[in-house]
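Okay, structure first, notes after.
Quick caveat, the model's predicted, so the values are computed rather than measured. Each chain gets a letter, A, B and so on, in the order its sequence line appears, and its residues count up from 1.
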2 protein chains.
Amino acid sequence: MPDDRDMLDERSIKVLWAVIHSYINNPDPVGSRYVTRKYAFDFSPATIRNIMADLEDMGFLSQPHTSAGRIPTDKGYRFYVENLMDEMEENVSVHEELIESLTKRLDDLREDIYTLLDETTRTLSTHSHYLGIAVSPGPDGSTLRRIELFPYSDDRIAVILFTNEGIIKHKILKNSFSFSRNDLNKIARYLNREFSGYTIKEIRRCLFDEMARDKALCDSLISRALSLCGDVVACYGSNVFISGLSEILELPEFSDVEKVKELSRTIEDKHAVIKLIDSLANEEGVQVIIGTENTIEEMKAMSIIASTYKEGDKPAGVVGIIGPTRMDYSSAISLVDVTARYLTKILDEGGRQWRRER
Amino acid sequence: MPDDRDMLDERSIKVLWAVIHSYINNPDPVGSRYVTRKYAFDFSPATIRNIMADLEDMGFLSQPHTSAGRIPTDKGYRFYVENLMDEMEENVSVHEELIESLTKRLDDLREDIYTLLDETTRTLSTHSHYLGIAVSPGPDGSTLRRIELFPYSDDRIAVILFTNEGIIKHKILKNSFSFSRNDLNKIARYLNREFSGYTIKEIRRCLFDEMARDKALCDSLISRALSLCGDVVACYGSNVFISGLSEILELPEFSDVEKVKELSRTIEDKHAVIKLIDSLANEEGVQVIIGTENTIEEMKAMSIIASTYKEGDKPAGVVGIIGPTRMDYSSAISLVDVTARYLTKILDEGGRQWRRER
DNA sequence: GCTTAGCACTCCCCATGGGAGAGTGCTAAT
DNA sequence: ATTAGCACTCTCCCATGGGGAGTGCTAAGC
């Protein structure tokens with residue numbers, strides 16, 4: 001909202017920033033006297049009071065009750081994130097430490113992205129003291145690298161799926177036919193030739209078309225191969241990783257048990273979380289969702305910082321931080337940014353040799 | 001403690017049972033008047049008071065403060081679990097419902113034990129309203145069914161491990177040699193011939209012996225095969241699944257946030273949980289650990305009901321429930337019992353055709 | 001006209017204290 | 001051995017009131 005930006009003079013902006021800055025560090029309503037003293041304004045508390053009253057009228061601040069100090073509204077935080085954060089603060093890059101910690105913890109895991117993401121959420125949460133969250137690539141983020149088949153028991157076969165992103169999925173399929181190992185090798189070769197390099201989503205669509213079109217075509221091995229592939233690809237979904245509950249419980253926001261219950265119910269519901277995060281999956285760079293901007297009722301008191309990590313130049317999955325609206329946006333944002341870039345780099349190194357021109 | 005049993009006459013036992021029964025349903029200290037009325041004793045409150053005072057002297061009950069009612073001690077619960085539970089209560093088998101729910105949710109998952117166990121904890125927690133917990137088979141619970149190898153990239157190979165318990169582990173190994181697919185097939189055949197049917201732990205020991213003994217023997221393919229196998233087997237560990245935090249937060253025990261923090265810290269530490277559970281892994285039947293009997297400091301206020309599930313007749317992993325000491329032991333125990341048996345059955349059906357005589 | 005000092009006012013927070021209620025232990029009577 | 005009666009203890013709840021922090025408004029000052 002560039003309008004808002006224009007509505008505020010230098011002085012108001014400074015006051016708004018001071019209130020938010022103070023409130024982020026300490027969740028007490030901020031009073032006029034405190035602002036003048038702590039932030040060394042050349043005005044008396046009375047002047048600051050007038051300014052704060054104006055800011056409240058404009059919707060940037062609010063009062064818990066008459067005769068308490070002001071606290072930022074979601075709109076206030078939004079303004080802060082968009083206009084104030086960078087210019088008011090020299091962005092201290094304490095991120096060497098983070099990168100070091102990421103490197104140390106993640107470097108061995110680059111072949112197994114699920115463990116990798118799980119560890120990532122741990123690192124995010126210990127560094128931010130909020131919830132760390134990660135979503136693994138879904139059907140349109142994962143590119144098939146290879147598929148392997150072999151007999152598992154008399155009537156079952158094992159399918160192993162490798163993707164460029166380092167995801168390894170296995171599935172045991174019950175099959176009415178019994179395939180010889182040779183058959184399976186042939187099928188695997190066929191599927192690899194046909195589908196590797198495509199995303200799971202593309203493969204799904206392709207299978208769908210193929211089957212619709214070629215019902216007549218009855219090369220039985222191929223049609224069996226396709227249906228096999230369909231079975232595996234059908235249940236391909238994102239995984240969600242969240243950690244740091246004990247971190248976030250330390251915040252005064254969660255001294256009320258009801259809040260804790262609400263939060264734990266929400267994050268136990270993976271579907272809700274995926275829905276929440278997926279809307280961000282196609283945006284570039286770090287996304288910030290503040291409080292009520294959120295779609296999930298139980299999360300209206302929380303903010304989300306998220307960014308996609310990529311495989312090649314295609315968005316794969318999402319990493320982020322969930323914390324209270326009173327969040328240290330500045331460091332949270334750079335934390336998420338650095339982490340997403342780091343994951344992208346890891347995937348890049350792992351996937352380079354495999355990426356296929358199309 | 002058979003001594004205790006003898007120390008208590010019929011009447012005292014009835015009172016003890018009444019106090020525990022009442023307290024389990026409602027966490028208020030139980031008074032003498034309440035006991036006489038609610039449990040239809042033929043004595044006056046004064047008599048009950050005397051009995052309760054005796055029970056307190058013997059350590060079965062305690063008072064939060066003078067002039068409050070009595071609450072059970074851990075020793076009281078222990079006595080209840082060992083002597084009173086079965087005889088005082090007709091064990092209502094509401095477990096058709098549970099089995100149905102297990103069947104519905106788990107039947108499709110029998111080939112993937114991790115998802116299976118995860119769902120199991122969910123079922124356990126929704127039925128008990130406590131925490132559901134499951135530990136997957138560790139090195140001495142898992143029997144190798146099959147090992148598969150194939151090239152993954154120039155300098156890496158993929159190893160897939162199947163166990164009788166339905167565990168499928170994959171690992172990407174960086175290797176200084178480059179193996180041809182043919183080599184890998186040979187190696188896999190060799191390893192399967194040599195090791196399938198043995199537990200991971202046995203394989204570890206065996207590898208160790210072999211390598212020590214046959215350092216001289218330098219059939220290079222075999223020695224490479226062994227070292228390959230060693231790499232995979234080395235990092236084989238148990239997984240822990242826990243769910244139902246939001247269930248357990250509903251209990252009045254957790255109206256204090258400190259308690260919640262403590263609990264969430266504890267269950268976030270998988271190592272501690274494994275340590276806690278592993279001690280039970282070799283016992284038969286359902287185990288009950290009450291409050292301070294526990295080794296972990298933060299869990300002294302909790303009880304654990306756990307049972308091993310088996311593969312064949314060998315204990316594989318553990319399932320259980322974690323709740324407050326004031327737990328509905330009776331139904332928790334049969335819940336865990338039924339669940340463990342069900343898992344055993346599923347494993348049995350999946351593994352029968354594969355079990356190998358030795 | 002902007003700024004500020006002064007002041008009355010509002011509202012939260014917390015310590016205090018008293019009363020109701022529940023339950024006990026003891027004693028004396030049955 | 002059991003029980004009625006009673007004094008006593010302790011918690012919980014609520015009402016009360018003072019202290020403190022902060023506001024809004026008004027009128028005076030630059």
Item checked: Residue Asp42(A) excluded, over 12 heavy atoms near CG under 6.0 Å -> no
Checklist line | Terminal axis angle for the helix from dG1(C)-dC30(D) to dT30(C)-dA1(D), five pairs an end, nearest 10 degrees | finding: 20°
Notebook entry, point to check: Is the number of heavy atoms from other residues, nucleotides or ligands under 6.0 Å of His271(B) NE2 greater than 12?
Noted result: no
Checklist line | Separation of atom CD1 in Ile71(B) from atom P in dT11(D), rounded to whole Å | finding: 14 Å
Notebook entry, point to check: At under 4.0 Å between heavy atoms, what does Tyr34(B) touch on the DNA or RNA strands: base, sugar-phosphate, or nothing?
Noted result: nothing
Next item on the list: Would you indicate what Thr66(B) reaches in the nucleic acid, counting non-hydrogen atoms under 4.0 angstrom: base, sugar-phosphate, or nothing?
Entry: sugar-phosphate
Note to self: Please check if the number of heavy atoms outside Asp57(B) that lie under 6.0 Å from its CG is greater than 12.
What the structure shows: yes
Checklist line | First of His65(B) and Asn50(B) reached from the 5' end of DNA chain D, by closest nucleotide | finding: Asn50(B)
Checklist line | Length of the line joining Phe43(B):CZ and dA4(D):C1', which is rounded to integer Å | finding: 16 Å
Checklist line | Pair Glu247(A)-Ser125(A), side chain to side chain donor-acceptor pair (under 3.5 Å): steps then yes or no | finding: CA-CA 7 Å; Glu247(A) 291 283 352; Ser125(A) 75; 5.2 Å; no
Notebook entry, point to check: Just how far, in rounded Å, is P of dA1(D) from CZ of Arg49(B)?
Noted result: 18 Å
Next item on the list: Begin with the C-alpha distance, continue with both residues' side-chain angles, and end with the deciding distance and a verdict on side chain to side chain donor-acceptor pair (under 3.5 Å) for Asp9(A) and Ser12(A).
Entry: CA-CA 5 Å; Asp9(A) 55 16; Ser12(A) 309; 2.5 Å; yes
Check: Closer than 4.0 Å, any side-chain N/O of Ser32(A) to the OP1 or OP2 of dG22(D)?
Finding: no
Notebook entry, point to check: Counting heavy atoms not belonging to Lys261(A), are there more than 12 under 6.0 Å from its NZ?
Noted result: yes
Margin query: Go through it in stages, so that I can follow the logic: the residues are Arg122(B) and Glu268(A), the test is salt bridge (charged side-chain N to carboxylate O under 4.0 Å, His left out), and I'd like the CA-CA distance, side-chain angles, deciding distance and then a yes or no.
Written below: CA-CA 10 Å; Arg122(B) 255 172 264 283; Glu268(A) 272 188 2; over 6 Å; no
Next item on the list: Taking heavy atoms of chain A and a 4.0 Å limit, find me the 5'-most and 3'-most nucleotide of DNA chain C within that range.
Entry: dT3(C) to dC12(C)
Margin query: Taking any heavy-atom pair under 4.0 Å as a contact, classify Asp42(A): base, sugar-phosphate, or nothing.
Written below: sugar-phosphate
Notebook entry, point to check: Which sits closer to the 5' end of DNA chain D, Pro45(B) or Val30(A), going by the nucleotide each is nearest to?
Noted result: Pro45(B)
What side-chain donor-acceptor pairs closer than 3.5 Å can you find for residues 296-307 of chain A, not counting sequence neighbours?
unit_1	atom_1	unit_2	atom_2	d
Lys300(A)	NZ	Asn294(A)	O	2.7
Ser303(A)	OG	Gly291(A)	N	3.4
Ser303(A)	OG	Tyr329(A)	OH	2.7

Checklist line | Integer-rounded Å distance: dC12(D) C1' and Asp28(B) CG | finding: 12 Å
Notebook entry, point to check: Hey, is NZ on Lys259(A) packed in by over 12 heavy atoms from elsewhere, all under 6.0 Å?
Noted result: no
